[in-house]
Amino acid sequence: MSPPDRAVEAVLAYHCRTKHHLHRYAASPGYLDWATQPDPFRTFGGADRVELPLLAYRLAVAYSALYRPDAVPPLPLDQTSVAMLLELALGLSAWKQYAGNRWALRCNPSSGNLHPTEGYVILPEMPGLTAGVYHYVSRDHALERRCTLDGRAARQLAEVLPPASCLVGLSSIHWREAWKYGERAFRYCQHDAGHAIAAVRYAAATLGWSARLLADASDPTVVAVLGLAQAASFNPVAEADREHPDALLLVGPSPRLAHGVDAESTDVSALREVLQAGTWAGRANPLSPAHVPWPAIDAAAETTWRGDGARASWGWGDAVLGDRAAVWSSPSGSPAHHSAVRLIKQRRSCLALDGTTAMEAARFYAMLDRLLPRPGVPPWDVWPWPAHLHCGIFVHRVRGMPPGLYVLERNPAAHARLRASLATDFDWTRPASCPDSLPLFALAAGDFRERAEVVSCHQEIAGGGAFSLGMIADFSDSIRAAGAWWYRRLFWESGLLGHVLYLEAEAAGLRGTGIGCYFDDAFHDLLGLRDDRFQSLYHFTVGGPIDDPRLMTLPAYFHLDPARGETR
Ligand SMILES: Cc1cc2nc3c(=O)[nH]c(=O)nc-3n(C[C@H](O)[C@H](O)[C@H](O)COP(=O)(O)O)c2cc1C
C-alpha cells in the first residue's frame, strides 16, 4: 500500500473543517469589519494604461448560436475584439444603488459580490497594443501594461502563441472573500474562478472564437506568466493582498484551436521564459489598511499548489458524452432569438423567488442538457478533463414532472459507483417524458421544498423556485488519483456548471442564484452519502424572481466618457 499523500490528506481535512453544519457554521469573522473592507478593484500604479472601447453592443449574435460555434463567423483578433471579450467576460454589467451606497455588478458573478478573481491578457503585437501582459481593470474597462516585450521577445511570443490566438490569465485574491467568509472562503474563490472560466468561454463564443484551458499550466507557470512574483509589483508586507495563480486559457479565432490541437501543443515553459525576460511595470494597490490572517486558507492554498509536472491521468475525450447536441440545440419553447450580449449583461442573481412560477418540462430538460459535456460545444469545450460533477436536483415546480429528488449523471462512467453510494431505497426510474439522451433519474417523489431550504442554510430561494440542486463531485478518489491540486479543479467545474445555469435561467425568462452557503452533511444525509467519495460542492436555484424596488440600477459604464462607446 502506498503511503498517504500528505497534501491530499490536508486538503481533505480543509474540506471537512470548512463544512457548515446545522448547528455550527465554518469559522468566520461573524461580522463585517467595514474598516478593512477590501477594495474590489486592483490597479497597478505606474503601469501604462490603454482605455478600451465599449463596443460589445454591436455583436448581433443569438444566444442559441453560442452552442453552435460554426454559426458565428469569427472576428479577427485585434484591439476591438479583445475589448469585447473582456467587456463580456469580466466587465461591469450594472451599478446598483440603495440608501447612499453604490456597488458594481459584473458579467461574472461572485460570492458576496466580493470578486476575488483578477483577469489578465497576454497579447501578441497588434495595432494599438504592444506585445505583452496586461491587467484588466473592469471598473474602467482599461488595460494596464504590466509587461512589455521588445522586438525580439515579441517575435518569440508570436512563435509560442498559436496563430490568431492570445491568452487570458486568471488569479485570485483570497483575502477579498476571507474578509467576509473566513475559512470557507477558499472554496468560494475557486467557484468564482470557475465562473470566470465559463464567462470567458461564453464571451469568446460571441466573437465566433474558441477558448481552451491550458491543462498543463502549473502554478509556477501562471505566476511567471502573470508576473505574480515580481518583487517590485506587490507589497511584501501585505502578503494577504497577493494574487494566487489560477488558470491560463488560450483564446482566439484560430480554427485549430477549435479542435483542441493548439491548446495541447502550446509550449508553456517557452512562454514562461519569454515573459520572464520582459520589462515589468506597475505596483499593486493595497486593498485594505489591515488584514485578518486565515491560516487555514493559506494552508489550503499551499497544499493545493500545482507544481510543475503535476498532471491528471485522464485527458481530453475520456468519458465525454456522444455528440447529441443537435437534438437540443433548439428545444421547444427555447427563445432562440435572444441576443447573447443582452443575456450576458442582464445575468443577475435573484434576491428572492416568488414561490409560484413553474417551468415546462421540455425547457427543464433542455436546460439540463446544456450541463452535459459535448465535444466541440461551448462552454464545456473549454474544459480539458472529463466531467466529475453530477447534480442532485430538487424539482419543485416543473410542469409535467412529479416534484421530487432527481439525479443528473454527467459522466456515465460514474453510474455504478454513484448508485452504490446513494441511499439504497432510491427508485432510479427514468422520468416518463425525459428524452433518451438525458441521463436523468428519479430517486424519490415528494415535496422537497422545505428540505431544500434547510440544507441551503435555510435560504428561501432554494425552495421558492422551479428547482434547486446540489453539485455532487466524484471527490476523494479523484483527488487521491490526481493530487491535491485537483481539489481546486473540482470547484472550478462547479463554477462552470453554475454559470451555464445562470445564463440558461435568463434565457428561459427566469433567474438563477449560486448558493455557496449550504449544510454539507445535511445534504449528504438526505442523499444517503456516508463517506467522502462523493461530496456536494455548490448549490444553485432557478425560478421566478421578485425584484427589490428599492434598488436603483445604473448602466454599467455610465461613469465613463460616452465617447468610448455605448452599452445598451
Ligand atoms: C460561488 C457563489 C456562491 C454564492 N452563494 C450565495 C448564497 O449562498 N446565497 C445568495 O443569496 N447568493 C449567493 N451568491 C450570489 C452572489 O451574492 C451574487 O453573485 C453577487 O452578489 C453578485 O451579484 P450578481 O450575481 O447579480 O452579479 C453566490 C454567488 C456565487 C458565485
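Every heavy atom of this structure was used, including side-chain atoms; hydrogens, water molecules and symmetry mates were not. As the structure lists them, so they are numbered: ligands from 1, and atoms in each ligand from 1.
Closest protein heavy atom to atom 14 (N) of ligand 1: G514 O, 3.0 Å. Nearest protein heavy-atom neighbour of atom 23 (O) of ligand 1: L105 CD2, 3.7 Å. For atom 9 (N) of ligand 1, the closest non-hydrogen atom of the protein is Q459 OE1, 2.7 Å. Closest to atom 20 (C) of ligand 1, if we only count protein heavy atoms, is S110 O, 3.2 Å. At the shortest separation from atom 17 (O) of ligand 1 among protein heavy atoms lies G112 N, 3.5 Å. Nearest protein heavy-atom contact of atom 21 (O) of ligand 1 is N113 CB, 3.5 Å.
Note on ring orientation: taking the six-membered ring where Trp is involved, the planes of F491 and H191 are perpendicular (angle over 60°, cut-offs 30° and 60°).
Between W305 and H244, the ring center distance clears the sub-6.0 Å criterion. Between Y25 and F519, the ring centre distance stays below 6.0 Å. Between Y518 and F523, the distance separating the two ring centers is not shorter than 6.0 angstrom. F534 and H524 have their aromatic ring centers separated by at least 6.0 angstrom.
The closest approach between any non-hydrogen atom of R347 and ligand 1 is below 4.0 Å.
Applying the 4.0 Å criterion to heavy atoms of H195 picks out, from ligand 1, the atoms 31 (C). Heavy-atom contacts of D192 reach the following atoms of ligand 1: 1 (C), 31 (C) (cutoff under 4.0 Å). The contact set between ligand 1 and Y538, taken as ligand atoms under 4.0 Å from a residue heavy atom, comprises 1 (C), 2 (C), 3 (C), 30 (C), 31 (C). For ligand 1, the atoms sitting less than 4.0 Å from at least one non-hydrogen atom of I515 are 5 (N), 6 (C), 7 (C), 8 (O), numbered in the order shown with element in parentheses. Remark: ligand 1 atoms within the under-4.0 Å shell around heavy atoms of H191 are 1 (C).
Put simply, the side chain of W179 gets close to the backbone of D33: a donor and an acceptor are under 3.5 Å apart. Of the possible polar contacts, one joining the R184 side chain to the T18 backbone as a donor-acceptor pair under 3.5 Å is found. Remark: side-chain polar atoms of S456 are not paired, donor with acceptor, to backbone N or O of Q459 under 3.5 angstrom. Between the side chain of E177 and the backbone N or O of Y188, no donor-acceptor pair lies under 3.5 Å.
Contacts between S456 and ligand 1 below 4.0 angstrom, taking non-hydrogen atoms only, are absent altogether. Contact annotation for Y502 and ligand 1: only side-chain heavy atoms (C-beta onward) come within less than 4.0 Å of the ligand. If you look at R348 next to ligand 1, the close heavy atoms, those under 4.0 Å, come from the backbone and the side chain alike. Counting heavy atoms under 4.0 Å from ligand 1, residue T513 touches it through the side chain alone.
Across the listed options G516, G194, C189, P109, G516 owns the non-hydrogen atom lying nearest to atom 5 (N) of ligand 1.
Annotation: cation-pi geometry not satisfied between R489 and W486 (NZ/CZ under 6.0 angstrom from ring centroid, within 45° of ring axis). Geometrically, R370 engages Y67 in a cation-pi contact, judged by NZ or CZ lying under 6.0 Å from the ring centre and within 45° of the ring axis.
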>> If you apply the rule side-chain contact (heavy atoms from CB on, under 4.5 Å), what do you find for R42 with E243, and how did you get there?
In response: CA-CA 10 Å; R42 162 131 286 169; E243 292 170 38; 2.8 Å; yes
> Where do R348 and D547 land on the salt bridge (charged side-chain N to carboxylate O under 4.0 Å, His left out) test, with the steps shown first?
Replying inline: CA-CA 11 Å; R348 295 277 181 286; D547 289 331; over 6 Å; no
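Some N or O of S349 is nearer than 3.5 Å to an N or O of ligand 1, by distance alone. The distance criterion of under 3.5 Å between nitrogen or oxygen atoms is met by C517 with respect to ligand 1. The distance criterion of under 3.5 Å between nitrogen or oxygen atoms is not met by C350 with respect to ligand 1. Polar contact check, S111 against ligand 1: no nitrogen or oxygen pair lies under 3.5 Å apart.
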